[in-house]
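Chain naming here is simple, since letters A, B, ... match the order of the sequence lines and numbering starts at 1 in each. Being a predicted model, the structure only gives us computed values, none of them experimental.
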Amino acid sequence: MDISLATWNINSVRLRMPLIEKFTAEFKPDVLCLQEIKCRNDDFPEKPLRKLGYEHFAINGQAGYHGVAIASRIPFHDVSIREFCGKGDSRHVSVALGPEKKPVVVHNFYVPAGGDEPDTAKNEKFAHKLDFLTEMTDWFGDPKAAHSDRMILVGDLNIAPLETDVWSHKQLLKVVSHTPVEVEHLSRVQASVSWQDAVRTHISPDEKLFTWWSYRARDWVTADRGRRLDHVWLSPGLGDACTTIDVVKDARGWQKPSDHVPILARLSL
DNA sequence: ATGGTGGTCCTACCA
């Protein structure tokens, strides 16, 4: 089974339907994983998505903030939502794709951004971010959770782990998203099931690579002060199933853009 | 240099 899967922090799904139309027309992903949909389940734009061929939905919405969803051309089963840190935030949804006998579980995450100050004593949002990552590590590492050995983890993890994942390693060492303590927490999540970073398998870690550019820059193209906050990871059971990765940088320049761009992964399962 | 912009839903809060 060959499938293509995209992950995109859309920053309000209702406002960005024209962008989703443009992106899906050009890249035709079978599975679309969205973060920051910023709407309730009932307000999710199922109708226009159905017209684009996405007829299967797994939505974990929330009014105003956060919210994740999976829209798919391929039927799925076992929709599951996990709540993290007992906060009632909508930051995870998963589905099982393909044959019931040998499914592939897709986990779609929106990790907390963590506020401005990288100090857990002064900033409870930063503490929440680290706690969230620890809970991810514990959950994926828990044998009782009985996770599949064929899993894809995608989403806005709000951490740029490598030096080449930010425009300036030195200048961002104390900036939330690239601090050593966050990178350490993320690497523990990664180690919990030996997740493989599919994006960096296909695009050399020597190369600067970003998926997010702030709205606050005067000229995002020229300044190019981006960060790689969005990720596609594969569990070892999927081996080298990922055949191509595209980071659609162009999307940052489209009309009324999200501050994140989509990543498209093609997989041979 | 402590702003800068953009989302939700109307007033602050979040990114």
Margin query: For a quick check, with a 4.0 angstrom heavy-atom cut-off, what is the B/S/- contact string for nucleotides 5-15 of chain B, read 5' to 3'?
Written below: BSSSS---BSB
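Between the P atoms of dC10(B) and dG4(B), the separation comes to 25 Å (whole Å). Using P as the reference atom, dT2(B) and dC13(B) are 23 Å apart when rounded to the nearest Å. Nucleotides dA1(B) and dC14(B) place their P atoms 30 Å apart, quoted to the nearest Å. Atom C1' of dA15(B) sits at a distance of 16 Å from the matching atom of dC9(B), rounded to the whole Å.
Residues Asn9(A) and Tyr110(A) form a side-chain contact, since some pair of their non-hydrogen atoms from C-beta on lies under 4.5 Å apart.
Each of Arg200(A), Gln190(A), His231(A), Glu184(A) was compared with Pro161(A) under the side-chain contact (heavy atoms from CB on, under 4.5 Å) criterion, and only His231(A) meets it.
Ring centroid separation for the pair His178(A) and Trp167(A) does not come in under the 6.0 Å cut-off. In this structure, His107(A) has its ring center closer than 6.0 angstrom to the ring center of Phe140(A).
Judged by a 6.0 Å distance limit and a 45° cone about the ring axis, Arg82(A) is positioned over the six-membered ring of Trp139(A). Figure legend: cation-pi geometry between Arg227(A) and Phe210(A) absent, as NZ or CZ is not positioned both under 6.0 Å from the six-membered ring centre and within 45° of its axis.
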Check: Where each pair must be Watson-Crick or G-U wobble with both distances under 3.5 Å, what dot-bracket representation of DNA chain B is obtained, with crossing pairs in [ ] and other-strand partners as |?
Finding: ....((((...))))
Notebook entry, point to check: Are Asp224(A) and Lys249(A) close enough, and set up right, to give a salt bridge (charged side-chain N to carboxylate O under 4.0 Å, His left out), and what steps lead you there?
Noted result: CA-CA 11 Å; Asp224(A) 200 25; Lys249(A) 186 175 177 180; 3.7 Å; yes
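The side-chain hydrogen bond (donor to acceptor under 3.5 Å, both in side chains) test applied to Asp230(A) returns Thr211(A), His260(A), not counting sequence neighbours.
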